[in-house]
Trainee: 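This structure is in structure tokens; I'll ask about it shortly.
Note that ligands are numbered from 1 as they come in the structure, with each ligand's atoms numbered from 1 the same way. Along the sequence shown, residues carry numbers from 1.
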Amino acid sequence: MNKERLQIAIQKSGRLTKQCIDLLSNCGVKVPIVKDRLIASCENMPIDIMLVRDDDIPLLVNEGISDVGIVGLNVCEEEKLKFKKDNDNEPFSICTSLKYGKCRLSFAYPQLWNKSKKSWSQYLQNTTIATSYPNLVGDFLKKNNIKANIVYMAGSVEAAPRLGKADIICDLVSSGSTLLANNLVEGEIVLESTAVLIKNKTLSSENENLVNRLVKRIEAVQQASERKYILLHAPRKSLKKICDILDSESPSIMPLEGDNDMVALHVLCKENDFWDIAEELKSAGASSILVMPVEKLLP
Ligand code: PRT
Ligand code: ZN
């Protein structure tokens with residue numbers, strides 16, 4: 001392995017893979033991914049991408065085999081608790097949170113669970129809980145003074161109550177349809193998660209600089225993805241109202257040749273879902289509304 005190049009570990013094949021590759025590519029890290037290859041070398045920057053299972057990423061980063069990694073906060077926090085238990089020191093650090101891989105680690109109860117008990121903590125008391133995240137669940141129970149038995153399952157956690165392996169589960173939820181299909185009801189949330197960028201604690205100064213540059217690029221790409229560039233024509237008399245709807249600090253306003261009543265307005269809008277705003281703008285007299293994506297936004 002070439003230690004002069006920054007090693008970034010991402011998930012080889014799973015829910016985070018495509019978004020990781022797209023994000024890196026939008027940050028100018030061009031990576032030719034070759035099927036079944038463990039390492040892909042970036043053509044235009046001193047960066048190599050390691051394609052591995054997501055569960056291995058925290059360990060690879062902690063040991064410095066990989067300098068940086070992208071992994072779900074759920075995996076990151078579970079592994080952090082494991083490291084702390086074994087070594088009692090803080091391992092890798094989180095550089096920035098990403099906007100994808102959104103989910104939550106939640107308890108889920110069978111729909112017919114005894115409803116006479118009052119609070120969620122009473123629900124959990126003395127139960128058997130199946131989960132792939134025993135450290136996060138154990139930590140949560142301890143902080144809330146709950147005594148329960150944790151059963152580790154690597155997958156198909158949602159089947160545990162039906163199989164008689166556990167009373168309750170604690171698993172990742174996004175749309176909730178898996179719980180519904182298994183007659184389970186979501187309860188207390190242990191952790192809200194997105195993908196995060198993590199880094200080794202002792203990087204060389206060159207690699208530290210490269211990671212800082214990468215984080216700045218990621219932030220620029222992520223900010224841009226939440227913005228739209230709007231061009232529209234507005235009646236001069238409705239300008240104040242239209243600017244209020246757009247919630248913009250400083251729109252550019254230009255005259256329209258041969259029309260004294262109308263102006264052209266250019267503005268960066270924070271609203272990603274533009275439909276509601278577009279209807280309001282129309283009612284306020286705006287016309288020729290053009291909505292464009294923003295690729296990068298540098299402060
Ligand atoms: O092979 P490898 O070990 O790399 O992958 P993996 O199978 O362990 O992970 P993968 O690809 O399933 O997920 C990678 C990461 O995506 C997770 O660690 C989370 O950070 C994030 N993520 C986001 C999710 C979900 N959403 C998600 N819904 N991971 C898993 N799920 C599963 C969940 O476990 C449950 O089975 O989807 C089901 C629930 O989904 P809903 O939509 O029915 O609620
Ligand atoms: Zn995994």
Side-chain angles (χ1 to χ4, degrees), residues 7-24 31 33 35-40 49-62 65-66 68-83 91-92 94-111 129-137 139-140 150-163 165-166 168-199 218 222 225:
Q7 310 290 322
I8 305 181
I10 63 169
Q11 192 184 24
K12 182 179 169 62
S13 162
R15 287 168 201 263
L16 304 179
T17 308
K18 184 176 180 306
Q19 281 145 311
C20 287
I21 293 170
D22 289 351
L23 177 68
L24 290 170
V31 195
I33 302 292
K35 201 172 173 283
D36 296 330
R37 272 255 196 101
L38 173 68
I39 294 183
I49 307 294
M50 297 176 72
L51 295 135
V52 293
R53 287 204 51 190
D54 68 344
D55 316 71
D56 295 334
I57 293 174
L59 184 68
L60 289 170
V61 173
N62 200 42
I65 297 166
S66 188
V68 179
I70 299 179
V71 69
L73 182 68
N74 49 311
V75 174
C76 168
E77 293 298 315
E78 175 70 13
E79 293 300 316
K80 233 189 211 175
L81 287 173
K82 224 186 274 179
F83 290 137
F92 48 81
I94 297 178
C95 311
T96 189
S97 294
L98 307 172
K99 303 267 180 219
Y100 56 89
K102 254 195 185 150
C103 58
R104 51 200 185 272
L105 180 65
S106 295
F107 288 102
Y109 311 87
Q111 278 169 354
I129 303 165
T131 186
S132 307
Y133 298 88
N135 289 294
L136 278 171
V137 173
D139 190 55
F140 180 90
I150 298 173
V151 178
Y152 173 77
M153 284 177 76
S156 304
V157 177
E158 65 281 356
R162 208 171 350 113
L163 299 174
K165 283 191 170 182
I168 288 172
I169 67 164
C170 190
D171 199 12
L172 299 179
V173 182
S174 51
S175 68
S177 57
T178 303
L179 295 186
L180 201 65
N182 286 278
N183 295 322
L184 296 167
V185 181
E186 189 175 353
E188 201 64 13
I189 297 173
V190 173
L191 179 83
E192 303 262 12
S193 180
T194 63
V196 289
L197 186 79
I198 57 173
K199 70 169 179 181
I218 288 174
Q222 294 202 139
S225 73

Trainee: Kindly say whether Leu73 contributes a backbone atom to a donor-acceptor pair with the side chain of Ser193 at under 3.5 angstrom?
Mentor: yes
Trainee: As a check for students: among Asp171, Leu180, Leu191, identify the option with a heavy atom nearest to atom 36 (O) of ligand 1.
Mentor: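 Looking at heavy atoms only, Asp171 sits closest to atom 36 (O) of ligand 1.
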Trainee: Can you tell me the protein heavy atom closest to atom 1 (O) of ligand 1 and the distance?
Mentor: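 Among all protein heavy atoms, the one nearest atom 1 (O) of ligand 1 is Arg53 NE, 3.5 Å.
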Trainee: Hey, is Cys103 touching ligand 1 through its side chain, its backbone, both or neither, going by heavy atoms under 4.0 Å?
Mentor: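 It is the side chain that touches ligand 1; the backbone stays farther off.
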Trainee: Does Leu73 approach ligand 1 within less than 4.0 angstrom via side chain, backbone, both or neither, non-hydrogen atoms only?
Mentor: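 The answer is neither; Leu73 stays 4.0 Å or more away.
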Trainee: Where do Ile49 and Leu24 come nearest, in terms of heavy atoms and distance?
Mentor: CD1-CD1, 3.7 Å
Trainee: I need the nearest protein heavy-atom contact for atom 28 (N) of ligand 1: residue, atom name and distance, please.
Mentor: Ser174 OG, 3.0 Å
Trainee: Quick one: does Lys12 get a heavy atom under 4.0 Å from ligand 1?
Mentor: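 The answer is no, since Lys12 has no heavy atom less than 4.0 Å from ligand 1.
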Trainee: Among protein heavy atoms, which sits nearest to atom 5 (O) of ligand 1, and what does the distance come to when rounded to 0.1 Å?
Mentor: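 Of every protein heavy atom, Gln11 NE2, 2.8 Å lies nearest to atom 5 (O) of ligand 1.
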Trainee: Would you call Ile21 and Val31 a side-chain contact if the rule is heavy atoms closer than 4.5 Å?
Mentor: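 When only atoms from C-beta onward are counted, Val31 and Ile21 do not touch, as no gap falls below 4.5 Å.
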Trainee: If I compare all heavy atoms of Val196 with all of Gly72, which pair ends up nearest, and what's the gap?
Mentor: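 Result for this residue pair: CG2-C, 4.5 Å.
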Trainee: Looking only at protein heavy atoms, identify the closest one to atom 14 (C) of ligand 1 and say how far it is in Å.
Mentor: Asp54 OD2, 3.6 Å
Trainee: Check whether any N or O atom of Ser177, backbone or side chain, sits under 3.5 Å from an N or O atom of ligand 1, and answer yes or no.
Mentor: yes
Trainee: Note the single closest protein heavy atom to atom 42 (O) of ligand 1, along with its residue, its atom name and the distance in Å.
Mentor: Ser175 OG, 2.6 Å
Trainee: Just by modelled atom types, is the Glu186 backbone N or O under 3.5 Å from a matching donor or acceptor in the Ser106 side chain?
Mentor: no
Trainee: How close do Pro91 and Lys80 get, heavy atom to heavy atom, and via which atoms?
Mentor: CG-CG, 3.8 Å
Trainee: Does Ile65 offer a backbone N or O that forms a donor-acceptor pair with the side chain of Gln7 under 3.5 Å?
Mentor: no
Trainee: What is the ring orientation for Phe83 with Phe92, classed by angle as parallel under 30°, tilted 30 to 60°, or perpendicular over 60°?
Mentor: perpendicular
Trainee: Near Gly72, which atoms of ligand 1 are under 4.0 Å from a heavy atom of that residue?
Mentor: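 Here the atoms of ligand 1 in question are 20 (O).
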Trainee: Does atom 7 (O) of ligand 1 have a protein heavy-atom neighbour under 4.0 Å away?
Mentor: no
Trainee: Would you mind listing which atoms of ligand 1 come within a distance below 4.0 Å of any non-hydrogen atom of Val173?
Mentor: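 It comes down to these atoms of ligand 1: 44 (O).
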Trainee: How close does the nearest protein non-hydrogen atom get to atom 38 (C) of ligand 1, and which residue and atom is it?
Mentor: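 That would be Thr178 OG1, 3.6 Å.
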Trainee: If you compare all heavy atoms of Val61 against all heavy atoms of Lys199, which two are closest, and at what distance to 0.1 Å?
Mentor: CG1-C, 3.5 Å
Trainee: Closer than 4.0 Å to some heavy atom of Gly14 - which atoms of ligand 1 meet that?
Mentor: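 Once the distances to Gly14 are compared, the set is 11 (O).
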Trainee: What pair of heavy atoms forms the shortest contact from Glu158 to Ile169, and how long is it?
Mentor: CA-CD1, 3.7 Å
Trainee: Provide the atom name of the closest N, O or S atom of Asp54 relative to the Zn ion (ligand 2).
Mentor: OD1
Trainee: One residue to check: Arg15. Relative to ligand 1, which of side chain, backbone, both or neither has a non-hydrogen atom less than 4.0 Å away?
Mentor: both
Trainee: Restricting to N/O/S, name the atom of Asp55 that gets closest to the Zn ion (ligand 2).
Mentor: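 Nearest N/O/S atom: OD1.
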Trainee: Check for a donor-acceptor pair, side chain of Gln222 on one end and backbone N or O of Lys99 on the other, with a separation under 3.5 Å.
Mentor: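 A pair under 3.5 Å: yes.
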Trainee: Using only atom types and a distance under 3.5 Å, with no angle test, would you say the side chain of Gln11 pairs donor to acceptor with the backbone of Asp54?
Mentor: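 The answer is no, because no donor-acceptor pair under 3.5 Å joins these two groups.
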Trainee: Would you mind checking which non-hydrogen protein atom is closest to atom 33 (C) of ligand 1, with the distance to 0.1 Å?
Mentor: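 For atom 33 (C) of ligand 1, the nearest protein heavy atom comes out as Leu172 O, 3.3 Å.
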Trainee: Mark yes or no for whether Asn62, through its side chain, and Pro58, through its backbone, hold a donor-acceptor pair below 3.5 Å.
Mentor: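 A pair under 3.5 Å: no.
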Trainee: Below 4.0 Å, non-hydrogen atoms only: which portion of Val75 touches ligand 1? Side chain, backbone, both or neither.
Mentor: side chain
Trainee: Can an N or O of Ser193 be found at a distance shorter than 3.5 Å from an N or O of ligand 1?
Mentor: no
Trainee: Kindly confirm or rule out an N or O of Leu179 lying under 3.5 angstrom from an N or O of ligand 1.
Mentor: no
Trainee: Give a yes or no answer on whether the side chain of Thr194 reaches the backbone of Lys102 with a donor-acceptor pair at less than 3.5 Å.
Mentor: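 A pair under 3.5 Å: no.
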Trainee: Can you list the atoms of ligand 1 that are under 4.0 Å from a heavy atom of Leu16?
Mentor: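 So the atoms of ligand 1 that pass are 15 (C), 16 (O).
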Trainee: Does Lys165 have more than 12 heavy atoms from other residues, nucleotides or ligands lying within 6.0 Å of its NZ?
Mentor: no
Trainee: Using a strict 4.0 Å cut-off to heavy atoms of Lys102, name the atoms of ligand 1 that fall inside it.
Mentor: 23 (C), 26 (N)
Trainee: Between Asn74 and ligand 1, find which residue part has any heavy-atom pair under 4.0 Å and reply side chain, backbone, both or neither.
Mentor: side chain
